[in-house]
Structure formats: structure tokens, C-alpha cells
Amino acid sequence: MNRRQFLAAVALSGFASACGSGAMSDPAAFRTELRVPPLLVPKVDKDGTRRFALTMQRGRSEILPGKPVETWGFNGPHLGPTIRVARGDRVRMAVTNRLDEASTVHWHGMRLPAKMDGGPHQMIEPGGTWSPHWTIDQPAATSWYHPHPHGATAEHVYRGLAGMFIIDDPAETELPAKYGIDDVPLILQDKNLAEDGSPTGDPLDGTFGILGEHMLVNGTHAPFLNVRTERVRFRILNGSNARMYHLAFADRRAFHVVGGDAGLLPAPVQVEQVSLTPGERVEVVAAFTAGEQVLLRTLSGSDDIDEGDFDLLKIVAAPRLAASPRLPSRLAGAPAPIAVPPNARVRRFQLNGHDAINRKEMDLSRIDEVVPAGATEIWEIENTVYAHNFHIHEVAFQVLDVDGEKPPAYGSGHKDTVYVPPKSTVRLAVRFGRFTDPATPYMYHCHILRHEDSGMMGQFVIVEPGTENQVPRTIATDHAHHGA
Ligand code: C2O
Ligand code: CU
Ligand code: CU
């Protein structure tokens, strides 16, 4: 299906099947076993470098059971394998584009040189392969990867290109970590589906793009998960184009948040509900009792991107559960708080409408901000009207306050993406990295993909301290295409 046909399919969206509308409160409807993305096995070179190969491709998969439709994926028809690495690993990726249009792959949450980041300046032409490499040097975290071609990110992600990227840290030892058993990835996405089961809707339409009425977890519609241990760690990624989730169990049981986007929290935080905007991740540990069943759901909110109660996943606990390690009261491996120096530079960003920051639309040839390597700065994000969030590449930040109020404890750790409610101001303490490159920018943007694609994005470079004023503010935009 080409783009025009894809958009034409919008007309069919009125035929969406009944099972998708509103809360799916009949637990018996959850009949498909949750797919768990396979772990991507690297080839290990003599010098220890781990080589991972990803191929972007089209394929067919069943979003609704029995209805195969075209989807896009990495190394398979839909979504991508989970990459798992440890701090200190040297990694080398080979990303091949087997689509018939150019794309990129961005490592969201990774701290790496700008040339390796996979933003809109690292385009991969059809048939081409891009081979970034870097050393993993950041705390344990749940990151992810997805395309980032300017103007088409929303469509490429909506078609199915996204995967999880887990970083382990030898310092972190006490949490469940058996992948697919008691350490389970949950990629949350919403879609509108035509009667034939194919995704419909224009991801660049309306104020927010797609707000689907069918919920998918790891690409599985109405899934169940068999659990066999007393406690399970869920690594939850909001991989949706626009939807914000307010996650809770149907019985409102308490669970613990142990980590956010960019690392573990210093201590588990008990909650009954946790909110997640597009691009954000949260790690939680939940306890189950033998033989029970419980639904994980999202609750309706009032900010336009969170309308509707939807059940997401049925958890089915085995009649006997294996004992789990106790949840530690302090989490080893959590990154230290970001200290803000008294003279920290403050930069202000205003989110305008749905397509501009500081009244400017994204321009690939314009450097908006120049940051000295290793800086800690305060970034103040002011929102004017619609719901937005804010993501910064390469960095870790902590939320200082939202309209002067502290963030909830579960959202106070290291992050890279944050919700910016309508008409509010969020202040961030941002720690920048040390990879310098005055000619290759990193991005900051709203992660509602319709907004990102429309121009609510800016570019910054990291440079040697003291050279900020020598940096050209205009760059060539055709220098980094990785052709066939
Ligand atoms: Cu997940 Cu610039 O993006
Ligand atoms: Cu990113
Ligand atoms: Cu936005």
C-alpha cells in the first residue's frame, strides 16, 4: 500500500469493529497470548564489540486475529526485536533499509555522539545500510528505537517501526531480570483499524494525529499474559503517536515504580496509577497471587490525548507461583541526583500551537542552541495551548517543577521525555554529555509525533566549552545520506 492508498483507507475507519470502542471490560475477550519481542542476538567480535543487525521491512501480520494486514517492522513484519546490552559494552549496529522510502533509526534515550543518534540528519536510503557504533556508558534503563525522518516519523512509527533497547548495569542486581518471564516489555500503542484489520487514519491529521480506539500491547490486540512468579517487572513504553495513558489495575491494587526513562529511582515508589505520554517509559514491579486474573487498563483523563477507559492486558497468574526476590528498599544502580550549579544557564522554550517552538518551525539547516559539553542547565518549557510533551536527545534530566509544584515521586528520577500540560511551565535540570560536534545537531521536540513532524522541533549542538560563539548557525543538510 502506498501513502496515498494508506490515506484513502481513512475513509474505511468508520467500519472499525465493535471490540475496540470504549472499555473492554469482558476479560474473556482477552484471548491472544501477549507477544514478547525476541531478544536480538549479537555477533561478538574478537575485541568484544557486539554487532546487532536490524532490517526495516514491510510484512504482513495479524493485528486482529485471522486478519493479516500490511505492517512494517524490524527483522520481522511488525515492531522490532529487543536489544539488550550492559554498561561498558561496545556496540555496532548495521541498520538496513528494505522499505521503498528513506528513513532513519534513532536510539531514543541513548547517550552517544550526534552522528550515531539516528535523527533526521542520518537518513538511510532504500537499500542502504547505516552502521553507527558507540560504547554504552549510562545507568541501567529502558530505552527504545524508532524512525526519525523529518515529516514522516508519525507514519513510520504508526505502521509498526519501534523496538525496545534495554541497558543493564552490573551495579543493578536486585530486580527481576529474566526476560519474558519476570521482566516483561510492554509496548503500548493505539490504532484505528478498518474492518479488514488494517491500521487507518492520517497520523498528521487533526490537532494530535492518531488517537486510536484499539489498544495494542507489543502489537497484540486484547492480549493475556501468563505469569509464573510472585512479582513481575514490567518495562512499559508508550510507543503511541499521541495517546497519554493513566495506567492502573482494574482492582486498583498498589504497585511500585522502580524506574523512569533514563534510570532507576533511588527507592521504589508505591502508586495505584502512573501516567505516561508518548516516548516515556516506566519500570514497575507488580505482585500477583496464585490463580488470580487482573486487567491492566488505562483511565480516561481530561487533556484531550487521554480520552477513554481501555483495558490493555489481562494478567493470568499460574495456580502456583515461583518465589520472587523481595523488592529492595533502596535501588542499587540508580543515578545520583543532578546538581544544578547556582549560575546555571537558563534557556526558555515556548511551545506554540502544534507546530513551532519559540515561534519557529523546525529547520534542518538551522542550529537553534549551542551548549557547552558537560553543562548542567535549566530548561524552562512553557506550553501555551494544546497538550504537549518535551523530549531532548542525548541528555538525562530531572523535573524541577511543574508550575512551581514538585513532580510526583515516581516522576522525579532521571528522564528524557516529560509531559507539559496545557498552559503550564515545566522546569528541567538538564545534564548534557561530552561528545562534541559543532556540525551535527541533536534534536529536542514534542513527542506527539504529529507535532514533531509539523515542526515542533529544534536542534542543538554540543561543543567544546569556550567555542560557543565560533559555531556556525547554519549547516548543510545533505551531508549524511547513507545510500545503497
Ligand atoms: Cu523518540 Cu527525537 O525521539
Ligand atoms: Cu530521542
Ligand atoms: Cu505536541
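For the numbers below, each heavy atom of this structure counts, side chains included, while hydrogens, waters and symmetry mates do not. In listed order, ligands and their atoms are each counted from 1.
Note: Phe208 and His451 meet the aromatic proximity criterion, with ring centroids under 6.0 Å apart. A ring-centre distance under 6.0 Å is found for Phe74 and Tyr145. Between His148 and Trp130, a ring centre-to-centre spacing not shorter than 6.0 Å is recorded.
When each of Gln459, His393, Glu394, Glu369 is paired with Tyr444, the side chain to side chain contact (heavy atoms under 4.5 Å, CB included) condition holds for Glu369 and for no other. Under the side chain to side chain donor-acceptor pair (under 3.5 Å) test applied with Thr417, the options His447, His391, His445 reduce to a single match, His391.
Ring geometry for Phe390 versus Phe349: interplanar angle of 30 to 60°, hence tilted.
For atom 2 (Cu) of ligand 1, the N/O/S atoms of His391 include none lying under 2.8 Å. Among the atoms of His148, an N, O or S atom is found under 2.8 Å from atom 2 (Cu) of ligand 1.
Atom 2 (Cu) of ligand 1 forms the vertex of an angle spanning NE2 of His393 and NE2 of His445; to the nearest 10 degrees it equals 110°.
Protein contacts to the Cu ion (ligand 2) involving N, O or S atoms at a distance below 2.8 Å are His106 NE2, His391 NE2. Here the protein contributes His388 ND1, Cys446 SG, His451 ND1 as N, O or S atoms under 2.8 Å from the Cu ion (ligand 3).
In this structure, the side chains of Phe234 and Leu296 stay at 4.5 Å or more apart for every pair of heavy atoms.
When atom types are taken as modelled, the side chain of Ser454 and the backbone of Arg450 share a donor-acceptor pair closer than 3.5 angstrom. A donor-acceptor pair under 3.5 Å is absent between the side-chain atoms of Arg159 and the main chain of Trp72, judged by distance alone. Of the possible polar contacts, none joining the Tyr179 side chain to the Pro38 backbone as a donor-acceptor pair under 3.5 Å is found.
Atom CG of Leu216 sits about 8.5 Å away from atom CG of Leu79, to the nearest 0.5 Å.
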